[in-house]
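Beneath this line is the structure, given in structure tokens, with notes to follow.
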Number of protein chains: 2
Amino acid sequence: MGQGPTITTIAQRAGVSIASVSRVLNGLPTRQETERKVLAAAEELGYVRNAVARSLKSRRTHQVAFAMADVGNPAYLAMLREIQPVLKAAGYRLVLHSTDAVVADEIEVLHSLGERYVDGLIMVPLRVTEAHLAMLASARAPVVIIGSVPEGTPVDNVRADSRTGVRLALDHLHALGRRRIGLVNGPLDTVPGAARGAAYREALGALGLPYDEELVEIGDFYRAEGGRAVATLLDRVPDLDALMCANDLIALGALDVLRAAGRRVPRDVAVVGMDDTDLAAASWPSLSSVSLGSAERGRAAAELLLDRLRHGEREPRLVTVPPHLVVRASTGRAGAEEPRGDAP
Amino acid sequence: MGQGPTITTIAQRAGVSIASVSRVLNGLPTRQETERKVLAAAEELGYVRNAVARSLKSRRTHQVAFAMADVGNPAYLAMLREIQPVLKAAGYRLVLHSTDAVVADEIEVLHSLGERYVDGLIMVPLRVTEAHLAMLASARAPVVIIGSVPEGTPVDNVRADSRTGVRLALDHLHALGRRRIGLVNGPLDTVPGAARGAAYREALGALGLPYDEELVEIGDFYRAEGGRAVATLLDRVPDLDALMCANDLIALGALDVLRAAGRRVPRDVAVVGMDDTDLAAASWPSLSSVSLGSAERGRAAAELLLDRLRHGEREPRLVTVPPHLVVRASTGRAGAEEPRGDAP
DNA sequence: TTGTATGCGTTATCAC
DNA sequence: GTGATAACGCATACAA
């Protein structure tokens, strides 16, 4: 774990100048003999290029940051799984930032772009505040936002279409004959929370169903709190016959609570989740879920960023990924699920 | 997205030397007046310290790498979730490497330590080859290995105790009266595969049960292939009454296949997974699983690395995290699980 | 083709 | 306390 050889070390060993060493190492034209000596010396010394010095000179770090609220959330994880190989293939390392949904942390990540330790950033902000927009306007490196930013913001933008997504779910529930469809949402001041809340209201309207405040309950985006929200909702609206949950974790919480309350799924209450994570397929009953294309969004974001890094300035782009509904047992397609356990 | 101000820019603006700027920025003693001018100029210009130049000078990047086979694997994810905040709190960024279980990629990661873009590395190798050991012996930065390395390898080492873990599971199954206990394992040339295979054999011996080759089937560590392995095993050993699976994904595959085969879980076949991931709690029947302490191992690894980064050279340390068994419905504690769905 | 010298942005060591 | 100036390791314009 010593100091490690530099091009100076090699130059001495090979009896040439550091310039020649650098040239050989970069494949620039050199005499055979020089090349041989340099490569031999480099090999003997176990030379490895210093990425930091190289970055300082070249002004490129070959690193890209990915910032999201929480690595534990399967939706972000799905993005990460797509982003990582795309960047790796292009020769970029991935720096991971977990902001714990703290706005100040997100701002700090944007600010830190000024430190130039990455060439670009992919961010999934939970909220987009004025502070975000101000930082984005003066960002010191290319940024791709997964989420929605106002038109004119100078960043590439990848959006889900949760409006259509919620619509798909509600159409499905309506077609199954459900009329008292509750919404279990996350905080309304988050991007997904606001979008899903508005979409729910709109989709009800399109179906000719009344919007009833009582049917909406707000918690956060996690299983335990989601379950609590469902419990509250069940107390208030006993004749509920379906639940639209703002993500799969909330939906799992809903299954917990419905079971505890003796409500059968889907016979008494049909449940739809959102994000179509791995958990949806593993749960019982398996969970119908609206896929918002997390993986596709991740890939699109990575590709937009790489394009920007390769081609420099250009007009900001907007990519919208279409959603689709994955129907499983929790909305009760007959025969969709066989019994798997033999618990009483 | 322009060039961005440097200390030189600030020095000009404030009418002082770059040395003074640097001093102020680093909190070294300066005259009030100088400090004021410098800070004012820095503020106006929106100065942010260049991390690359700083790293070149200081020989510290404040970055740490975490390398594992696959971000999608919940066990690695559990480690990541613990490692990330520990590093963040200590002022380190996290660089993520996904090696797809390719040995050459792991070696490459070790090699790349020579580039000095990180101060240290936490790695979860799937196999530990001679090449690994050679690279570890000459690693250019502190390394913590999660897994097992031979004594004398100059790295900190965090181990799970899968031997005890498998023993816990088999004791449990034995206590439930199961005697034909199959093993569904991953490749034997991987660290976990080899360890779990040996532990299974040993635990059977301790219970006075014969080791029967027919009861062992090898696949990989994923759900689909795990299911296929189980199918093969069921064909070969129809009177099987329990399955020890080398991880939760395999166990989920087992549940799939058992259901399709009309075997009830746990009545006909009890199933135990390993790693105790989120999926275990979400599945149906919920999955009994041996926790090997992924989260604890992640945290221990991060803390070992930080300690090493802070205190420099010292004797390599070994930390072993004890396992525990989480009993759920798939091993049929009566009443452990209520019916949650109403599928036929 | 090769070597010398300069700069990338900081920090740190000197004299003053 | 402050200002020149020298590294850190590499790439490159320019001179030889």
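Order of the sequence lines sets the chain letters (A, B, ...), proteins ahead of strands, with each chain counted from 1.
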Touch class at under 4.0 angstrom, heavy-atom based, for A:Arg59 against every strand present: sugar-phosphate
Sugar-phosphate, base or nothing in reach of B:Leu25, heavy atoms under 4.0 Å: nothing
Contact check, side chains of B:Leu77 and B:Leu80, non-hydrogen atoms, under 4.5 Å: yes
Distance below 4.0 Å between A:Ser20 side-chain N/O and C:dG3 OP1 or OP2: yes
Whole-Å distance separating the CD1 atom of B:Ile7 from the P atom of C:dT11: 7 Å
From CA spacing to verdict: salt bridge (charged side-chain N to carboxylate O under 4.0 Å, His left out), A:Asp105, B:Lys88: CA-CA 11 Å; A:Asp105 276 26; B:Lys88 182 178 177 181; 2.7 Å; yes
Selected nucleotide, minimal atom distance to A:Leu56 side chain, candidates C:dG9, C:dT11, C:dT1: C:dG9
salt_bridge(A:Arg127, A:Asp189) N-O dist < 4.0 Å: yes
Sugar-phosphate only, base, or nothing, as touched by A:Val52 at under 4.0 Å among non-hydrogen atoms: nothing
Heavy-atom neighbours of B:Glu33 CD exceed 12 at 6.0 Å: yes
Separation of C:dC8 P from A:Arg60 CZ (nearest whole Å): 19 Å
Between C1' of C:dG9 and CD1 of B:Ile10, the distance in whole Å: 11 Å
Criterion salt bridge (charged side-chain N to carboxylate O under 4.0 Å, His left out) on A:Glu303 and A:Arg308, from CA distance to verdict: CA-CA 8 Å; A:Glu303 283 164 359; A:Arg308 173 65 70 94; over 6 Å; no
Sugar-phosphate, base or nothing in reach of A:Ser22, heavy atoms under 4.0 Å: base
Salt-bridge present (B:Arg13, B:Glu44; N to O < 4.0 Å): yes
Minimum-distance nucleotide (side-chain atoms of A:Thr6 versus D:dG3, D:dG9, C:dT1): D:dG9
Any B:Arg54 side-chain nitrogen or oxygen under 4.0 Å from OP1 or OP2 of C:dT11: yes
Any A:Tyr117 side-chain N or O less than 4.0 Å from OP1/OP2 of C:dG9: no
Base C:dT10 to side chain B:Lys57, donor-acceptor N/O within 3.5 Å cut-off: no
Upstream residue (5' side of DNA chain D) when B:Ser17 and B:Ser58 are each assigned their closest nucleotide: B:Ser17
Atom-pair distance (CD1 on B:Ile18; P on C:dC8), nearest Å: 11 Å
Euclidean distance, atom CG of residue A:Leu28 to atom P of C:dT1 [Å, nearest integer]: 11 Å
Atom-pair distance (CD on B:Gln12; P on D:dG3), nearest Å: 13 Å
Distance test, side-chain N/O of B:Arg49 to OP1/OP2 of C:dT11, below 4.0 Å: yes
Sugar-phosphate, base or nothing in reach of A:Arg23, heavy atoms under 4.0 Å: base
Any B:Asn50 side-chain N or O less than 4.0 Å from OP1/OP2 of C:dC8: no
A:Asp119 with A:Arg59: basic N within carboxylate O range, under 4.0 Å: no
Whether B:His62 and B:Tyr92 hold their rings parallel, tilted or perpendicular, with breakpoints at 30° and 60°: tilted
Axial bend angle, the helix from C:dT1-D:dA16 to C:dC16-D:dG1: five-pair end segments, nearest 10°: 50°
